[in-house]
Protein chains: 2
Amino acid sequence: MDLPIKISKDSREPIYHQIVNQFKALIAGGHLARGTPLPSIRALSKDLEISIITTRRAYQDLEVQGFIKTLQGKGTFVADISEDLKEEVKVTSVHNILENAVETALSYDYTLEQVKAIFLEILQAKEKGDS
Amino acid sequence: MDLPIKISKDSREPIYHQIVNQFKALIAGGHLARGTPLPSIRALSKDLEISIITTRRAYQDLEVQGFIKTLQGKGTFVADISEDLKEEVKVTSVHNILENAVETALSYDYTLEQVKAIFLEILQAKEKGDS
DNA sequence: TATACTGTGCATATAGATATATACAGTATA
DNA sequence: TATACTGTATATATCTATATGCACAGTATA
């Protein structure tokens with residue numbers, strides 16, 4: 001299991017929140033099939049150099065939101081969620097953040113045309129060797 | 001002076017931060033010309049129902065960043081910043097948030113084409129009666 | 001059964017945002 | 001000059017989010 005979970009300890013966003021969001025994206029995005037075991041809280045904690053409690057909090061949040069399920073003594077696994085739900089999570093997450101970005105641009109007095117132009121530039125940059 | 005400063009006390013974003021960002025957008029976006037007086041810290045505090053210290057902190061941050069200047073006893077005013085600087089603030093702020101949104105979409109396994117389609121939908125919605 | 005894994009619960013530490021009180025100092029103006 | 005505005009400084013209190021350490025409990029398996 002070589003999960004691409006990366007956290008920033010300097011970010012304003014809480015660590016447990018970063019973990020939750022990244023797993024949500026991996027699960028809703030289809031990179032983690034149902035039943036797949038997640039790293040144990042101790043393993044992930046050691047890997048990310050954070051406390052067990054922080055990892056646990058992230059896993060608890062994910063469980064409450066229905067993305068994973070934990071079995072004491074056995075481990076933590078990707079929950080059995082429907083494709084519809086995954087799709088809905090994808091759509092709303094991405095829609096919200098994009099809409100928020102547009103709102104911010106408008107608050108800076110950009111016109112819709114300008115926002116579109118900037119956005120298309122960003123996409124073009126991504127199409128080339130950005131990553 | 002009827003400033004459109006709105007804060008959310010429930011937001012994860014600190015109140016002073018919300019105030020800073022909104023004034024930045026108003027100033028960089030050209031809605032507040034240089035020399036325009038801002039509300040006094042006491043007036044804004046009362047208006048937003050927050051403490052004077054919180055307002056003061058926001059104003060101090062804005063001053064450090066060069067957007068306003070305060071004169072003891074006189075008040076607080078929009079600073080004399082160049083159009084170039086305003087433009088740079090606009091560009092970087094909006095570019096960053098849009099880029100971040102795209103990154104998030106990619107993390108959810110959307111393709112660039114899909115992101116573009118969703119984005120264009122949002123723009124179209126805005127063009128109609130969204131506000 | 002021993003042991004080495006899993007997750008769990010509780011009590012606490014730390015940092016940051018915010019609120020409050022108090023006193024001070026500069027400015028405008030009737 | 002009186003007063004009613006401005007901003008300033010400082011010290012403290014409170015609340016909350018976040019992170020943590022430690023002891024406990026369930027499970028798998030050699």
Side-chain angles (χ1 to χ4, degrees), chain A residues 1 3 5-24 32 34-80, chain B residues 1 3 5-24 32 34-80:
Chain A
M1 176 68 45
L3 286 175
I5 302 288
K6 305 282 179 199
I7 59 166
S8 160
K9 291 187 179 179
D10 301 324
S11 167
R12 186 175 296 276
E13 188 184 9
I15 296 174
Y16 75 91
H17 212 253
Q18 298 178 41
I19 296 172
V20 167
N21 284 340
Q22 289 178 50
F23 272 116
K24 267 175 76 169
L32 288 178
R34 70 161 184 274
T36 305
L38 273 64
S40 76
I41 54 180
R42 284 178 180 79
L44 187 57
S45 299
K46 189 176 177 187
D47 204 40
L48 300 179
E49 296 180 305
I50 58 176
S51 86
I52 291 177
I53 291 84
T54 302
T55 303
R56 175 151 160 66
R57 170 151 189 194
Y59 278 18
Q60 278 180 318
D61 282 16
L62 283 165
E63 179 155 35
V64 168
Q65 292 178 51
F67 292 99
I68 65 178
K69 58 183 174 184
T70 61
L71 299 176
Q72 183 170 352
K74 294 186 137 180
T76 307
F77 307 87
V78 175
D80 190 0
Chain B
M1 177 66 45
L3 286 175
I5 302 290
K6 305 283 179 198
I7 60 166
S8 161
K9 291 187 179 177
D10 301 323
S11 168
R12 187 174 296 276
E13 188 184 10
I15 294 175
Y16 75 91
H17 211 253
Q18 298 179 40
I19 296 172
V20 167
N21 283 341
Q22 289 178 48
F23 273 116
K24 267 177 78 168
L32 288 178
R34 70 162 183 274
T36 305
L38 272 65
S40 77
I41 54 179
R42 285 178 181 79
L44 186 58
S45 298
K46 191 176 176 188
D47 203 41
L48 300 180
E49 296 180 303
I50 58 176
S51 85
I52 291 178
I53 291 85
T54 303
T55 302
R56 177 151 159 67
R57 170 151 188 194
Y59 279 19
Q60 278 180 317
D61 281 15
L62 282 165
E63 181 156 33
V64 167
Q65 291 178 51
F67 292 98
I68 65 178
K69 58 183 172 186
T70 61
L71 299 176
Q72 184 170 353
K74 293 187 141 181
T76 307
F77 307 87
V78 175
D80 190 359

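Residue numbering restarts at 1 for every chain, and letters A, B, ... go by the order of the sequence lines. We use all heavy atoms of the structure for the numbers below, so side chains are in, but hydrogens, waters and symmetry mates are not. None of these values were measured; they are calculated from a predicted model.
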- Presence of T54(B) side-chain N/O under 4.0 Å of dA19(C) phosphate oxygens OP1/OP2: yes
Whole-Å distance, Q60(A) CD to dA19(D) P, equals 14 Å
Exactly one of L44(A), D47(A), I15(A) clears side chain to side chain contact (heavy atoms under 4.5 Å, CB included) with T55(A), and that residue is L44(A)
Note: for K9(B) and G73(A) on DNA chain C, the residue whose nearest nucleotide lies more 5' is G73(A)
Here the distance between atom P of dT10(D) and atom CZ of R57(B), to the nearest Å, is 16 Å
Which part of the nucleic acid does I52(B) contact within heavy-atom distance under 4.0 Å: base, sugar-phosphate only, or nothing? nothing
* Below 4.0 Å: OP1/OP2 of dG26(C) and any side-chain N or O of K74(B) -> no
Below 4.5 Å, heavy atoms only, C-beta onward: do S40(A) and Y59(A) meet side chain to side chain?
no
(Q) Please tell me if S40(A) has a side-chain N or O lying less than 4.0 Å from either OP1 or OP2 of dT6(C). (A) yes
Rounded to whole Å, CD1 of I53(A) lies from P of dA11(C) at a distance of 14 Å
Picking from dG21(D), dT8(D), dA17(D), the nucleotide nearest the side-chain atoms of R12(B) would be dA17(D)
The Watson-Crick or G-U wobble partner of dG16(C), with both key distances under 3.5 Å, is dC15(D)
Side-chain atoms of P14(B) come closest, of dA17(C), dA19(C), dT6(C), to dA17(C)
side-chain N/O S51(B) vs dT18(C) OP1/OP2, d < 4.0 Å: no
Reckon T76(B) has a side-chain N or O less than 4.0 Å from the OP1 or OP2 of dT6(D)? no
dT29(C) -> Watson-Crick or G-U wobble partner, both distances under 3.5 Å, gives dA2(D)
When rounded to whole Å, the CD1 to C1' distance for the pair I7(A) and dA19(D) reads 12 Å
Short side-chain N/O contact to dA17(C) OP1/OP2 from Y16(B), under 4.0 Å
yes
In whole angstroms, the gap separating C1' of dT27(D) from CZ of F77(A) amounts to 11 Å
Query raised in the report: Would you say I19(A) and R57(A) make side-chain contact, with heavy atoms under 4.5 Å?
Result: no
Separation of dA9(D) atom P from Q72(B) atom CD, nearest Å, is 7 Å
dG7(C) -> Watson-Crick or G-U wobble partner, both distances under 3.5 Å, gives dC24(D)
- Item | N or O in side chain of T70(B) less than 4.0 angstrom from dT8(D) OP1/OP2 | yes
Beyond-backbone contact of T54(A) with L48(A), side-chain heavy atoms, under 4.5 angstrom | no
Is there side-chain contact between I68(A) and F23(A), with at least one heavy-atom pair below 4.5 Å? no
From CG of D61(A) across to C1' of dT18(D) the rounded distance in Å is 12 Å
Do R12(B) and P14(A) touch side chain to side chain, with heavy atoms closer than 4.5 Å? yes
In whole angstroms, the gap separating C1' of dG21(D) from CZ of R42(A) amounts to 12 Å
